[in-house]
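Let me begin by presenting the structure, written as structure tokens, before commenting on it.
Numbering of ligands and ligand atoms starts at 1, following listing order. Note that these values count all heavy atoms, side chains included, but never hydrogens, waters or copies made by symmetry.
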Amino acid sequence: MSLIKTGPILSGGVAAGEGLKKALGMTRSEIITEIRESGLKGRGGAGFPTGTKWNLAAAARGEHKYVVCNADEGEPGTFKDRVLLTDYADLVFEGMTIAGRAVGSHVGILYLRGEYRYLLGHLEAVLAKRRADGLLGKGIQGKEGFDFDIEIRMGSGAYVCGEETALIESLEGNRGEPRNRPPFPVDTGYLGNPTTVNNVETLVLATAILAKGAPWFKAIGTDKSTGSKLFSVSGDCERPGVYEFPMGLTIAELLKEVGGEGAKAVQVGGASGTCVPASLFGQTLAFEGVPTGGSIIVFGPQRDMLHVAKNFMEFFVEESCGQCTPCRYGNVALLQGIEELEGGRCSVAHLKELMALGESMQLSSKCGLGQSSPNAFMSIIKHFSDEILGRALPA
Ligand SMILES: Cc1cc2nc3c(=O)[nH]c(=O)nc-3n(C[C@H](O)[C@H](O)[C@H](O)COP(=O)(O)O)c2cc1C
Ligand code: SF4
């Protein structure tokens with residue numbers, strides 16, 4: 001699959017080497033200031049300001065520093081990083097190299113989703129060409145002391161390894177289980193060293209910002225959500241695929257573009273995101289609106305929303321690493337509740353208990369997986385109460 005629609009950034013024609021050459025004419029702190037002024041926020045889901053992350057990593061003390069590209073894309077309904085790795089790999093590696101220059105690192109690691117192994121040959125070929133062109137290796141572009149190279153490591157198929165500390169555990173050869181935070185990876189990451197973890201799309205955008213400048217980037221999107229966003233669109237629409245739109249478009253506008261106007265609901269942000277009913281399609285896709293890592297799943301009028309919730313909960317029961325009780329037990333309890341609803345054995349009172357359990361999971365789970373896994377269930381119960389409560393036994 002390739003991009004169905006490029007938007008203001010990807011159609012801007014950023015050439016390989018353009019961003020890096022600009023960066024090499026700047027000091028490390030000037031690069032970080034450029035990224036800060038662009039307002040770029042991470043595209044991996046959490047929306048952390050990239051300039052702040054790079055600044056913390058630059059200031060962190062450590063004998064070695066690492067730059068990690070998180071290419072473990074495993075959120076159900078998300079496939080936009082795959083397109084970037086296929087068609088824009090140069091810009092991904094260039095973003096890592098610019099990050100390396102900014103934070104003072106010599107080693108980049110791209111952690112590639114296990115199911116994307118078929119991209120390995122292509123990615124290695126792009127890396128080899130960049131080495132041959134003097135864009136990687138020792139003394140990059142004649143800049144003495146700036147040595148940076150990138151290796152690719154394969155993930156092995158666990159969704160939780162996309163969480164940055166689980167990813168680092170996996171890189172170290174351990175079971176992919178999230179760590180306590182703090183300490184954060186920018187201080188204590190891979191092998192105990194300062195590690196900057198960024199999403200594939202974030203790194204592409206960082207390259208574009210260096211090439212075209214922060215003011216150009218800031219002019220796209222909204223005040224709080226600058227730039228554009230890639231969306232992986234699937235489900236009940238006429239034109240599923242990957243689209244680039246400026247941040248801040250409404251869900252209704254997106255549905256019009258993809259031929260999904262008749263939708264009854266849209267799951268924004270994948271399984272860990274939130275289910276938005278048609279009455280709220282005027283909301284914007286932005287950090288200040290409905291935030292998203294980029295997954296949009298469209299549900300037509302014929303969809304059974306309880307079945308949708310069940311599908312997501314089955315995924316989380318399977319993918320919970322089991323390390324903490326709220327997530328290990330909570331996901332199973334929510335799935336059991338759905339099965340009881342299906343069988344006409346769940347009371348309204350029990351459903352309320354399950355909603356309270358979901359809130360506890362959001363508050364007390366150790367990592368983002370358990371903190372967000374009840375979101376779909378809870379938003380479906382809230383927004384589709386007519387459809388769901390009709391199947392519950394009276395309290
Ligand atoms: C369960 C889970 C899975 C995640 N999967 C990914 C992923 O596949 N890719 C990604 O970039 N971030 C993922 N994240 C977010 C990362 O932990 C981290 O915030 C991100 O890589 C930081 O990059 P950014 O600042 O560029 O967004 C995941 C988080 C959680 C809790
Ligand atoms: S929230 Fe879930 S995935 Fe995260 S550490 Fe706890 S059990 Fe593991």
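Among all protein heavy atoms, the one lying closest to atom 25 (O) of ligand 1 is Lys53 NZ, 2.9 Å. Nearest protein heavy-atom neighbour of atom 17 (O) of ligand 1: Glu164 N, 3.0 Å. Residue, atom and distance of the protein heavy atom nearest to atom 11 (O) of ligand 1 are Asn199 ND2, 2.8 Å. Of the protein's non-hydrogen atoms, the one nearest atom 27 (O) of ligand 1 is Gly44 N, 2.7 Å. The protein heavy-atom contact nearest to atom 4 (C) of ligand 1 is Gly162 C, 3.3 Å. Nearest to atom 3 (C) of ligand 1 among the protein's heavy atoms is Glu163 N, 3.6 Å.
Of all the atoms in ligand 1, the ones that sit under 4.0 Å from a non-hydrogen atom of Asp72 are 8 (O). When each atom of ligand 1 is checked for a heavy atom of Gly368 under 4.0 Å away, the hits are 31 (C). Counting atoms of ligand 2 from 1 in the listed order, those under 4.0 Å from a heavy atom of Cys327 are 1 (S), 2 (Fe), 6 (Fe), 7 (S). In the vicinity of Cys321, heavy-atom distances shorter than 4.0 Å reach the ligand 2 atoms 3 (S), 5 (S), 7 (S), 8 (Fe). Of all the atoms in ligand 2, the ones that sit under 4.0 Å from a non-hydrogen atom of Gly370 are 1 (S). Atoms of ligand 2 found under 4.0 Å from any heavy atom of Cys324 (numbered from 1 in listed order, with element): 1 (S), 6 (Fe), 7 (S). The distance from ligand 2 to the heavy atoms of Ser320 drops below 4.0 Å at these ligand atoms: 2 (Fe), 7 (S). Close contacts between ligand 1 and Val197 involve ligand atoms 21 (O), 22 (C), 23 (O) [criterion: under 4.0 Å to a heavy atom]. Ligand-side atoms of ligand 1 in range of Gly42: 24 (P), 25 (O), 26 (O), 27 (O), range being under 4.0 angstrom from any heavy atom. Those atoms of ligand 2 that come under 4.0 Å of a heavy atom in Gly322, given as number and element, are 7 (S), 8 (Fe). Each of the following atoms of ligand 2 lies closer than 4.0 Å to a heavy atom of Ser365: 1 (S).
Side-chain contact check for Glu288 versus Ser225: some heavy-atom pair is nearer than 4.5 Å. Residues Phe377 and Met355 are in side-chain contact: their nearest non-hydrogen atoms beyond the backbone lie under 4.5 Å apart. Between Thr250 and Gln283 the shortest side-chain heavy-atom distance does not fall below 4.5 Å. Inter-residue side-chain proximity for Pro374 and Leu334 is flagged as met; some heavy-atom pair is nearer than 4.5 Å. Between Val160 and Glu177 there is no side-chain heavy-atom pair separated by less than 4.5 Å. With contacts defined as side-chain heavy-atom distances shorter than 4.5 Å, the pair Leu351/Leu389 qualifies. Between Met247 and Ile220 the shortest side-chain heavy-atom distance does not fall below 4.5 Å.
For a threshold of 3.5 Å applied to N or O pairs, the pair formed by Asn198 and ligand 1 contains at least one separation below that value.
Residue contacts with ligand 1 for Arg43 involve N, CA, C or O but no side-chain atom from C-beta outward (heavy atoms, distance under 4.0 Å). When non-hydrogen atoms are compared, ligand 1 lies under 4.0 Å from the backbone of Asn70 as well as from its side chain. Here Glu73 has backbone heavy atoms under 4.0 Å from ligand 1, and that is the only part of it that gets that close.
Gly74 counts as a contact of ligand 1, since one of its heavy atoms falls under 4.0 Å from the ligand. Note on ligand 1: Lys41 sits outside its first shell, no heavy atom being nearer than 4.0 Å.
Two rings, from Phe231 and Tyr243, have their centers 6.0 Å or more apart.
Cluster membership check: Ile98 shares its hydrophobic cluster with Leu123, using side-chain heavy-atom separations under 4.5 Å among Ile, Leu, Val, Met, Phe, Trp and Tyr.
A distance of 15.0 Å separates CD of Glu115 from CZ of Phe79, quoted to the nearest 0.5 Å.
Taking backbone and side chain together, Cys367 holds no N, O or S atom under 2.8 Å from atom 8 (Fe) of ligand 2.
The side chain to side chain donor-acceptor pair (under 3.5 Å) with Tyr159 is formed by just one residue from the set Glu319, Arg113, Glu73, Glu75; it is Glu75.
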Next item on the list: Run the numbers on Glu172 and Arg179 for salt bridge (charged side-chain N to carboxylate O under 4.0 Å, His left out), then give the verdict.
Entry: CA-CA 13 Å; Glu172 292 180 1; Arg179 296 175 175 173; 3.0 Å; yes

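The option with the heavy atom closest to atom 26 (O) of ligand 1, from among Thr202, Val200, Leu167, Leu369, is Thr202.
Heavy atoms from other residues, nucleotides or ligands lying under 6.0 Å from NZ of Lys218 number 12 at most. The local environment of CZ in Arg117 is sparse, with at most 12 non-hydrogen atoms from other residues, nucleotides or ligands closer than 6.0 Å.
With Phe146 as the aromatic partner, Arg101 meets the cation-pi criteria of under 6.0 angstrom to the ring centre and within 45 degrees of the ring axis.
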